[in-house]
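Given the structure is predicted, the values throughout are model-derived calculations rather than measurements.
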Amino acid sequence: MKVHSRSDNSNYDYHQFRASLYQSFDMGNVGRSSYWVNGGTFINGDGISFIDYQHFNGNRLRYKLQALNPYGFGLLNYYDYSTNSDYAQVHLQHDFKGFILGKIPGLNKLNYDLILSGKALFTDRKPYFEASAGIDNIGFGKFRPFRVDYVHSITSGRSYGAFVVGINFGL
């Protein structure tokens with residue numbers, strides 16, 4: 001996909017090329033995996049306005065309103081990695097759909113799902129990485145909108161983790 005901006009100000013005349021690849025597939029009794037790869041570049045983007053940069057789906061809150069969003073980062077500062085240069089991001093996720101937690105006596109009655117994910121972001125800054133493990137399908141009866149993840153972030157010598165609570169009302 002090509003994004004083009006035309007302006008009377010020559011600093012804002014740029015081209016952005018980007019592409020994405022997504023796939024989600026069942027793995028039988030083992031669950032469901034998905035990946036999303038996205039990358040792009042700017043041509044003549046040196047003097048553009050910050051609003052025209054490529055921004056990434058960050059989250060500095062400890063909750064998310066869309067619990068199952070596999071395309072966002074759990075602990076990335078909102079604009080720290082925004083860029084007007086080359087970029088790429090990779091998001092991998094596997095939902096075990098009860099394959100692991102369903103085999104633990106007592107816990108199997110709760111019908112929770114274990115979800116593991118890994119994420120990476122590459123820009124003109126140092127790379128940013130996240131790994132997370134979460135439990136989905138938390139609730140009671142048919143009302144199960146909650147998910148809790150432990151997200152661990154690794155970036156430029158700094159490593160930290162936090163719990164993130166997700167709520168998915170199907171909006």
Side-chain angles (χ1 to χ4, degrees), residues 1-5 14-27 30-42 45 48 50-100 112-139 144-156 158-171:
M1 177 178 171
K2 176 181 166 185
V3 177
H4 174 74
S5 175
Y14 71 94
H15 295 277
Q16 180 185 8
F17 295 93
R18 60 182 171 208
S20 295
L21 181 63
Y22 169 80
Q23 185 177 12
S24 180
F25 47 93
D26 285 320
M27 298 184 68
V30 181
R32 182 168 190 80
S33 286
S34 65
Y35 65 86
W36 182 63
V37 179
N38 172 270
T41 189
F42 286 81
I48 67 174
F50 184 72
I51 198 165
D52 291 325
Y53 279 37
Q54 178 64 43
H55 304 286
F56 304 97
N57 191 355
N59 181 32
R60 292 299 296 158
L61 304 174
R62 294 300 182 250
Y63 66 90
K64 298 185 288 184
L65 289 179
Q66 188 177 13
L68 301 175
N69 181 3
Y71 316 123
F73 293 93
L75 297 176
L76 179 70
N77 284 331
Y78 296 112
Y79 300 108
D80 278 1
Y81 282 79
S82 297
T83 187
N84 62 344
S85 185
D86 300 337
Y87 62 90
Q89 58 183 319
V90 177
H91 299 261
L92 308 169
Q93 179 172 284
H94 184 77
D95 183 345
F96 285 94
K97 296 280 187 190
F99 179 74
I100 292 178
Y112 292 162
D113 295 331
L114 175 65
I115 299 176
L116 300 178
S117 68
K119 300 163 187 267
L121 176 60
F122 305 95
T123 65
D124 48 353
R125 298 186 54 174
K126 292 192 184 219
Y128 176 85
F129 301 100
E130 276 186 4
S132 68
I135 297 176
D136 192 20
N137 206 31
I138 300 172
R144 297 180 165 272
F146 300 106
R147 174 174 166 176
V148 176
D149 286 278
Y150 179 76
V151 181
H152 191 81
S153 171
I154 304 162
T155 178
S156 39
R158 188 171 152 212
S159 177
Y160 60 98
F163 284 96
V164 178
V165 176
I167 304 170
N168 189 16
F169 290 111
L171 301 175

Which distance, rounded to the nearest 0.5 Å, do you find between the CG of N77 and the OG of S82? 10.5 Å

Please name the pair of heavy atoms, one in V148 and one in F163, separated by the smallest distance, quoted to 0.1 Å. CG1-CD2, 4.0 Å

Verify whether the ring centers belonging to Y128 and F73 lie closer than 6.0 Å. yes

Any heavy-atom pair between the side chains of Y112 and I138 that's under 4.5 Å? yes

Please examine the side chains of R125 and D80, heavy atoms only from C-beta on, and report whether any two atoms are closer than 4.5 Å. yes

Begin with the C-alpha distance, continue with both residues' side-chain angles, and end with the deciding distance and a verdict on side chain to side chain contact (heavy atoms under 4.5 Å, CB included) for N38 and Y71. CA-CA 10 Å; N38 172 270; Y71 316 123; over 6 Å; no

Atom CZ of F42 and atom OG of S85: how far apart are they, to the nearest 0.5 Å? 8.5 Å

Would you say that W36 contacts Q89 through its side chain, given a criterion of any heavy-atom pair below 4.5 Å between the two side chains? yes

Is any side-chain heavy atom of L114 closer than 4.5 Å to one of F99? no

Could you verify whether a donor N or O on one side chain and an acceptor N or O on the other, from H152 and S159, lie under 3.5 Å apart? yes

Measuring centre to centre across the rings, with the benzene-like ring taken for any Trp, is H55 within less than 6.0 Å of F50? yes

Apply the test side chain to side chain contact (heavy atoms under 4.5 Å, CB included) to residues L116 and F96: give CA-CA distance (whole Å), side-chain angles for both, the deciding distance (0.1 Å), then the verdict. CA-CA 8 Å; L116 300 178; F96 285 94; 3.6 Å; yes

Counting only heavy atoms not in Y150 (residues, nucleotides, ligands), do more than 12 fall under 6.0 Å from its OH? yes

Any sub-3.5 Å donor-acceptor pair from K126's side-chain atoms to T155's backbone N or O? no

Using the side chain to side chain contact (heavy atoms under 4.5 Å, CB included) rule, take Y78 and N59 through it: C-alpha gap first, then chi angles, then the decisive distance, then the call. CA-CA 6 Å; Y78 296 112; N59 181 32; 4.1 Å; yes

May I ask you to test the Y35-F25 pair for a side-chain heavy-atom distance under 4.5 Å? yes

At what distance, to the nearest 0.5 angstrom, does OG1 of T41 lie from CZ of F17? 9.0 Å

From D149 atom CG to D136 atom CG, the distance as rounded to the nearest 0.5 Å: 8.0 Å

Measuring only between side-chain heavy atoms, which start at C-beta, is L75 closer than 4.5 Å to E130? yes

Are R147 and I115 side-chain neighbours, meaning at least one heavy-atom pair lies under 4.5 Å? yes

In this structure, OG of S117 is separated from NE2 of H94 (nearest 0.5 Å) by 12.0 Å

Between N137 (side chain) and D113 (backbone), is there a donor-acceptor pair under 3.5 Å? no

Side chains of R32 and S24: does their closest heavy-atom pair fall under 4.5 Å? yes

Atom of S33, atom of M27 and distance for their closest heavy-atom approach: OG-SD, 3.2 Å

Could you state the interatomic distance from CG (D52) to OH (Y14), rounded to the nearest 0.5 Å? 3.5 Å

